[in-house]
Amino acid sequence: TGSLPTLSNTTLDSLLFINIQSNMFSSTLPVSFVEYWPHMVEIEFSNNYLTGTLPSAIEKLFHLTQLSAHHNSFSGNMPTTLCNFDKLHDILIYNNMFTGSLLDCFNDEVFYIDFGYNLLEGSMPTMYDTLNKFKVLIVKNNYLTGYPVIPPNINTIDISANAFTGTLPIAAFNSTNLRNFIAADNCFSGSLSEDVCLATSLSVLELTGVSAARTCSQTLLHIGDRSYSSKFLQGSVPECLYTMPVMQDLYLSCNGFSGTIPNIAPDSLLSNISLSFNRLHGTIPMSLQEKVPMMRLIDLSYNRLTGVLSSPILNNSSPILEHVVTLASNRLSGDIPQPYISTSSSTNTNTNTDNFHHTDTYSTSIYNILSGNMFACPYFTTNVLSGDDNSNKYACGSNDLDLGLMAYSIVAGLVLALLFYISNYSATGEGVAGIEHEICNNVPKWLKLYIFWKADSVSNGQSTQLNSSSNSSGSGNGNNNEIT
């Protein structure tokens, strides 16, 4: 902890590496740390509380190949002295407070740059498309604008959470070297071209809300912690994306895509797929449902999907991974397959963090499929899906409506029975007749007609029965006299 000491150039002039990462140093960076070590090759200052600017004396480190100063509180403009190194190839200064614009003076040896999570502005320098050895470029979470410049042989690029405009830089997908493309939360427009599938080595495609950055979106409404934007991409998701040979992570949420979800290749490597907050319709393909046990994330919520769920295929060759299934707010129906009902959530979690993606924490068998759908289930089931947070308050199928109709029918039946009873015995007293009159004044006209018709029928029947009884009685007396 504390401040970094001032070092002498007499004892460490042949030092090649220095590593003080993951401590609690909280001072500025002394000039002596970078001035007197002409043979220094690697500097590791990350994960401290260092402040101030990077000393300009760093330019004297002629043999420097790697500079790592991320997760500190360095500020000021990006140091142009970084342009003076012939051998520098890794510059990792993300998670600081650097301002100004991106550097535009790198040597041809640079291949890994991470300037993410700073306060950088302006556009990307055009000279980036001349750096043939560039493999990783990360500038996420800044305030960059304009159209992104993509180095030709890039392997990983993350330009997310900025304000880039124009159409998606499809030219980047002409390279078979591209493995990870992340451009979420920007101000792009247009559609997603099928040319994206030309990048046959693509493993991660993250395009969540590419038109929904706060600087350009027009928010329609807020619901809870979510905002709904009026800006979306046009068209549908290219079907070829679902069958790309090495695709593992496909994130296309919050873009307003239309169309259906096609079948997934049997040998697909897909581990995470998120298509929520779009306008997809049709059914969930069986090939995708069968892969549930082998996937970490399936998020198809807030679409217009219909149909029923099938039972995931569980066998010895299918690894049971920690996974999340989110299908809320669609139009799904039918029975909930038994594997979803009998599987409960686990407390085991898995956290995977990397530099150019995002942090995911998953628990075994977490489901969110009840809310906003209408699945069938037995009456009075209270715990439909133990891994779903909505299980305790979910109304299965149309139970609420059915029970309401049943209650209404019972009450209506009782009223009709009472009226029928009154109509049959209306002649027995004025009190009952008074009750009948009061009730009839408050019932529909058709019900009044039924009551009067029924009363009349009953009266006629009683008169007929009386006459018949009198005749029978007289005849009986006559017979008795004869016998007597």
Would you say the side-chain atoms of [X] pair up with the backbone N or O of [Y], donor to acceptor, closer than 3.5 Å?
X	Y	answer
T283	P285	no
N180	L205	no
N118	I93	yes
N48	F25	yes
N174	A172	no
N186	I159	yes
N19	Q21	yes
S193	D195	yes

Side chain proximity check, [X] to [Y], heavy atoms < 4.5 angstrom:
X	Y	value
M244	C197	yes
L370	I336	yes
D86	F62	no
L300	I284	yes
L327	N368	no
N330	T306	no
Y242	L250	yes
I113	I138	no

List the steps, then state whether side-chain contact (heavy atoms from CB on, under 4.5 Å) holds for L29 with F45. CA-CA 9 Å; L29 187 62; F45 296 151; 3.4 Å; yes

Say you draw a straight line from [atom1] of [X] to [atom2] of [Y]; how long is it, rounded to the nearest 0.5 Å?
X	Y	atom1	atom2	value
Y143	S101	OH	OG	16.0 Å
L92	D90	CG	CG	5.5 Å
N142	S160	CG	OG	10.0 Å

- Query: Hey, what's the ring geometry for F188 with Y147, parallel, tilted or perpendicular (30° and 60° as the breaks)?
  - Reply: perpendicular

Between Y94 and H71, what is the ring plane arrangement, given parallel below 30°, perpendicular above 60°, and tilted in between?
-> perpendicular

Does either side chain, that of [X] or that of [Y], offer a donor lying less than 3.5 Å from an acceptor on the other one?
X	Y	answer
S310	Q289	yes
S236	S258	no
T326	D299	no
S68	Q66	no
T208	E206	yes

TODO: Please test L309 against I369 for side-chain contact (heavy atoms from CB on, under 4.5 Å), starting from the C-alpha separation and ending with a verdict.
DONE: CA-CA 10 Å; L309 297 180; I369 68 175; 3.9 Å; yes

Can you establish whether the number of heavy atoms outside R304 located under 6.0 Å from its atom CZ is more than 12?
no

Review point. Passes side-chain hydrogen bond (donor to acceptor under 3.5 Å, both in side chains), T81 versus S56? Steps please.
Key: CA-CA 6 Å; T81 53; S56 59; over 6 Å; no

Q. Ring centroid separation for F277 and Y302, is it under 6.0 angstrom?
A. yes

(Q) Using a strict threshold of under 4.0 Å (side-chain N to carboxylate O), is an ion pair present between E109 and K87? (A) no

When N72, L50, T51, L54 are each screened for side chain to side chain contact (heavy atoms under 4.5 Å, CB included) with N96, the one that passes is N72

message = Applying side-chain contact (heavy atoms from CB on, under 4.5 Å) to L192 and L241, what does each step give before you reach the verdict?
response = CA-CA 11 Å; L192 183 58; L241 281 176; 3.9 Å; yes

Could you give me the CA-CA distance, side-chain angles and deciding distance for I154 and L137, then say whether side-chain contact (heavy atoms from CB on, under 4.5 Å) is met? CA-CA 8 Å; I154 199 72; L137 175 60; 4.0 Å; yes

